[in-house]
Amino acid sequence: MIRLGLRLTLAGGREAAGRLTLIAAAVALGVGMLLGTLAAINGTDTQNARNAWLNTGAVASPSATASTADPLWWLLRADNFDGRTIGRVDVAASGPQSPVPPGIPRLPGPGQFYASPALSELIRSTPAAELAARFPGRQAGTIGPAALPGPDSLIIIIGHSPDQLSKNREAERVTSITDVTPSSCAGPDCGVRVGIDANGIALVLSVVAVALIFPVLILIGTATRLSAARREQRFAAMRLVGATPRQISVISAVESTVAAVLGVALGFGLFFLFRPVLAAVDFTGTRFFTDDLSLGLSDVLFVAAGVPAGAVVVARIALRRVQISPLGVTRRVTPRPPRVYRLLPLAAGLGELAYFIGRVPESISGQIGAFIPGALLVLAGIVIAGPWLTMAGARVLARRTGRPAALVAGRRLSDDPRAGFRAVSGLVLALCVTSGTVGVITAMAAERGLPKSDAAIGNTVIADFVHGRAASGQPVAVAAPPRDAVQAQLHSIPGVRGVTVIHTNPLGTPDPAWGDPDEFGPPHPAGLASCAQLATTPAFSVCPPGAESASVAPNFGGFGYGPPNSWPRVWPAAAISTRRLQDLPVQQVVVATDGSKQAIERARTVLANAYPDELIPDTIAEERAWSSRNLAEFQQLANVVILVSFPIAGCSLAVSVAGGLSDRKRPFSLLRLTGVPLGVLRRVVLLESAVPLLAVALVAIGTGFLAAQLFLQAQFGYSLRAPGPAYYLTVLGGLVTSLGIIASTLPLLRRITGPETARNE
């Protein structure tokens with residue numbers, strides 16, 4: 001039977017060759033996407049491992065033992081250039097046995113530094129006043145790949161003398177380089193210190209894999225059922241002449257296995273062909289090295305064995321009527337109508353997600369085990385419930401119309417709702433996945449995202465010198481006022497519009513922009529600023545007429561985060577003279593720019609050199625971008641899901657409608673011979689696809705949003721938000737495109753329903 005199956009598969013004519021090609025292409029697409037997802041998870045882990053050395057001093061390495069190494073002074077800070085983060089590590093060896101970070105042959109001495117290849121190129125191609133002047137000394141070499149998360153990583157290791165670096169309050173003494181990445185962090189240098197949220201990305205990629213594989217399985221099942229009626233009759237004839245159900249199963253399994261094995265081989269080829277393209281996708285903060293997107297032996301075995309097995313199962317389900325009754329196939333007995341219990345798996349999936357509200361596991365593996373089964377049940381529940389929903393919609397259509405096309409379509413859908421739903425199942429799943437994805441991202445954007453602010457605010461450079469607060473709320477460890485030469489340098493930079501210095505407040509007046517004390521606690525003391533300087537930065541409000549100084553918010557950079565109406569247009573006047581103000585310590589220096597790279601980077605360099613022991617200045621736009629980085633990465637993954645699932649669903653729809661027309665060409669030919677106009681038949685075909693599409697799409701969209709709400713509530717405690725216009729345009733575009741795909745198959749009716757097709761075979 002295996003040889004017979006191979007002969008029917010490989011030498012069955014154009015129809016068999018076309019079916020084999022389509023199934024293999026569907027399997028290859030699924031295998032390629034699955035391998036890409038697995039490789040991305042592996043690549044994220046590899047990136048994180050190479051980023052771990054930057055956690056030195058923040059977390060102890062489990063591999064570290066009692067060390068006799070000379071202590072190494074270590075200071076990690078986050079720098080920025082043109083919106084990109086630079087990991088800056090300042091080191092000072094206290095002896096010849098001080099530990100050496102990976103990627104460099106030895107520690108840089110005072111006046112030397114090592115830079116990553118991407119940063120080295122950036123230093124060479126950028127005017128020194130904008131970047132190189134921040135880094136003292138000369139470059140001694142480049143940092144090797146062993147210390148770089150990706151080829152675009154911007155990292156620099158700068159050498160100092162122990163006497164110089166030990167004076168910095170943030171510097172630490174370490175005796176080993178860590179190889180551990182902590183699971184959480186806080187602070188402005190969190191991203192540099194911790195690197196990638198590998199656990200969160202693994203959870204998201206796992207959900208992405210589930211969301212993408214389901215439409216591909218639908219496409220495989222649809223391709224398997226091409227010319228199903230002709231094949232069912234052929235297999236039924238074999239049964240009638242003595243073939244056993246097991247022999248028929250072997251023949252159908254051989255056909256599916258050959259296509260699946262061919263598809264798996266093509267899928268591996270697609271993965272390696274597009275691996276450089278996948279490596280260029282930046283959803284962890286930097287591109288991957290191509291070799292990082294690797295596959296383990298377990299990944300290869302899982303895909304190579306699991307996908308053909310799944311294809312065989314799909315083929316067996318698709319042709320299960322032959323296994324039950326060959327006479328039923330030959331006589332085309334109307335199948336039993338679906339029952340309402342088909343809604344139970346969908347309800348079970350939603351119930352499983354609801355169960356974890358307030359019970360979500362703490363570990364990432366526990367969260368994957370909690371949410372992935374629920375997502376699978378919801379998607380499978382849509383597929384299982386689809387025929388029943390299609391039947392319900394068809395019966396409503398048949399009862400409420402008297403037009404011939406609607407009556408015929410309603411009756412045919414009522415008789416075989418499974419076939420009607422099968423054509424649109426891929427698109428329905430795409431709508432469910434899109435709705436759930438958009439629901440999650442919209443809620444996360446509302447909860448974690450930052451409101452848009454004026455460009456003048458975002459383009460402002462902030463040097464913050466506050467390192468904590470006393471019990472009274474007064475800032476501690478603030479800096480000395482900038483010298484006149486520093487302010488002159490800032491004002492001389494083309495594109496700098498104004499400089500405002502925020503001083504500490506000995507008067508004790510409260511912050512005028514503080515929120516509700518019941519929510520935020522007692523207000524901190526306000527900062528103080530010169531009204532003449534505030535006039536040069538009008539985006540941050542101004543002084544009342546005649547005032548010399550004003551009480552301003554102590555965290556001036558936070559202005560870019562709050563809603564505009566939470567900040568006064570005019571700061572309250574302060575009872576302090578400008579002369580006395582100049583002698584007070586400084587909390588922040590605020591430099592307003594025109595947004596040009598030259599102005600921002602030169603101002604940053606001047607402030608970094610004026611205050612070398614402080615945090616590197618950044619802009620409000622950079623702070624906002626950093627806070628929203630993970631959200632942007634998840635949005636990019638969501639776009640991948642939407643952009644991939646809809647084309648796959650469209651292919652499934654086109655294949656299904658065209659295959660259905662081919663299987664029914666003789667009945668349609670007989671109807672044409674009896675006088676039914678071709679236009680009526682076209683409307684029948686259109687209604688047979690549109691009714692299940694619209695009937696189940698509403699349920700799928702609602703289910704997607706409900707599943708998103710349950711996930712958000714369980715994982716984050718968030719609530720669902722109304723999606724933006726882009727979602728409605730996407731759904732409308734998908735539905736219109738689907739109807740267009742259906743309409744594109746209608747011209748086939750004229751060609752396949754001629755009188756010659758109606759003859760007895």
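Along the sequence shown, residues are numbered consecutively beginning with 1.
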request  = Side-chain contact test, heavy atoms from C-beta onward, threshold under 4.5 Å: evaluate it for Leu353 versus Val378 and give yes or no.
outcome  = yes

message = Tell me every residue that passes side-chain hydrogen bond (donor to acceptor under 3.5 Å, both in side chains) with Ser435, counting only those two or more places apart in sequence or in another chain.
response = Tyr727

task = Indicate the atoms forming the closest heavy-atom contact of Ser414 with Arg395, along with that distance.
result = OG-CG, 3.7 Å

note = Rounded to the nearest 0.5 angstrom, the OG1-OH distance for Thr442 and Tyr718 is 13.5 Å

query = Between Ile384 and Pro345, which heavy-atom pair has the shortest distance, and what is it?
reply = CD1-CG, 3.9 Å

ask   = Is there a donor-acceptor contact under 3.5 Å from the side chain of Gln713 to the main chain of Ile357?
value = no

query = So do Leu710 and Leu350 actually touch side chain to side chain, heavy atoms under 4.5 Å?
reply = yes

inquiry  = Run the side-chain hydrogen bond (donor to acceptor under 3.5 Å, both in side chains) test against Arg721 and tell me which residues pass, sequence neighbours left out.
reply    = Glu447

task = Just do the side-chain contact (heavy atoms from CB on, under 4.5 Å) check on Leu429 and Leu379 with the steps written out, would you?
result = CA-CA 7 Å; Leu429 280 180; Leu379 294 176; 3.9 Å; yes

key: Any Val440 side-chain heavy atom under 4.5 Å of Leu720 side chain   = no

query = Of the non-hydrogen atoms in Val303 and Val264, which two are nearest, and what is the gap between them?
reply = O-CG2, 4.5 Å

message = Please report the interatomic distance CG(Leu389) to CG(Leu346), rounded to the nearest 0.5 Å.
response = 8.5 Å

message = Within the 4.5 Å heavy-atom criterion, are Arg339 and Trp388 side-chain neighbours or not?
response = no

query = For Thr437 and Val433, what are the C-alpha separation, side-chain angles and deciding distance, and is it a side-chain contact (heavy atoms from CB on, under 4.5 Å)?
reply = CA-CA 6 Å; Thr437 303; Val433 169; 4.0 Å; yes

Heavy-atom pair of closest approach, residues Leu262 and Ala24 = CD2-CB, 4.0 Å

Evaluation steps, side-chain contact (heavy atoms from CB on, under 4.5 Å), between Leu278 and Leu293 = CA-CA 8 Å; Leu278 180 61; Leu293 298 176; 3.9 Å; yes

key: Beyond-backbone contact of Thr434 with Ile701, side-chain heavy atoms, under 4.5 angstrom   = no

Review item, side-chain donor-acceptor pairs of residues 265-274, under 3.5 Å, at least two apart:
none

Only distances under 3.5 Å count here; give the side-chain donor-acceptor pairs of residues 677-688 to other protein atoms, sequence neighbours excluded, each with its distance to 0.1 Å.
| unit_1 | atom_1 | unit_2 | atom_2 | d |
| --- | --- | --- | --- | --- |
| Glu688 | OE1 | Arg664 | NH1 | 2.6 |
| Glu688 | OE1 | Arg664 | NH2 | 3.1 |
| Glu688 | OE2 | Arg412 | NE | 2.7 |
| Glu688 | OE2 | Arg664 | NH1 | 3.2 |

message = Let's go through Phe716 and Phe711 carefully: what are the C-alpha distance in whole Å and the side-chain angles of both, what is the deciding distance for side-chain contact (heavy atoms from CB on, under 4.5 Å) to 0.1 Å, and is it a yes or a no?
response = CA-CA 8 Å; Phe716 305 111; Phe711 170 76; 3.9 Å; yes

query = About how many Å separate CD of Glu352 and CZ of Phe371, when rounded to the nearest 0.5 Å?
reply = 8.5 Å

query = Roughly how far apart are Thr390 OG1 and Arg418 CZ, rounded to 0.5 Å?
reply = 11.0 Å

Extract all donor-acceptor atom pairs below 3.5 Å that involve side chains of residues 733-743 and protein atoms in other chains or at least two apart in sequence.
| unit_1 | atom_1 | unit_2 | atom_2 | d |
| --- | --- | --- | --- | --- |
| Thr737 | OG1 | Gly733 | O | 2.6 |
| Ser738 | OG | Gly734 | O | 2.7 |

key: Closest non-hydrogen atom pair, Cys432 against Ile382   = SG-CG1, 4.3 Å

task = Considering non-hydrogen atoms only, spot the tightest contact between Pro417 and Pro387 and give its length.
result = CB-O, 3.3 Å

message = Show every ring-ring contact (aromatic ring centres under 6.0 Å, His included) that has at least one partner inside residues 669-692, sequence neighbours left out.
response = none

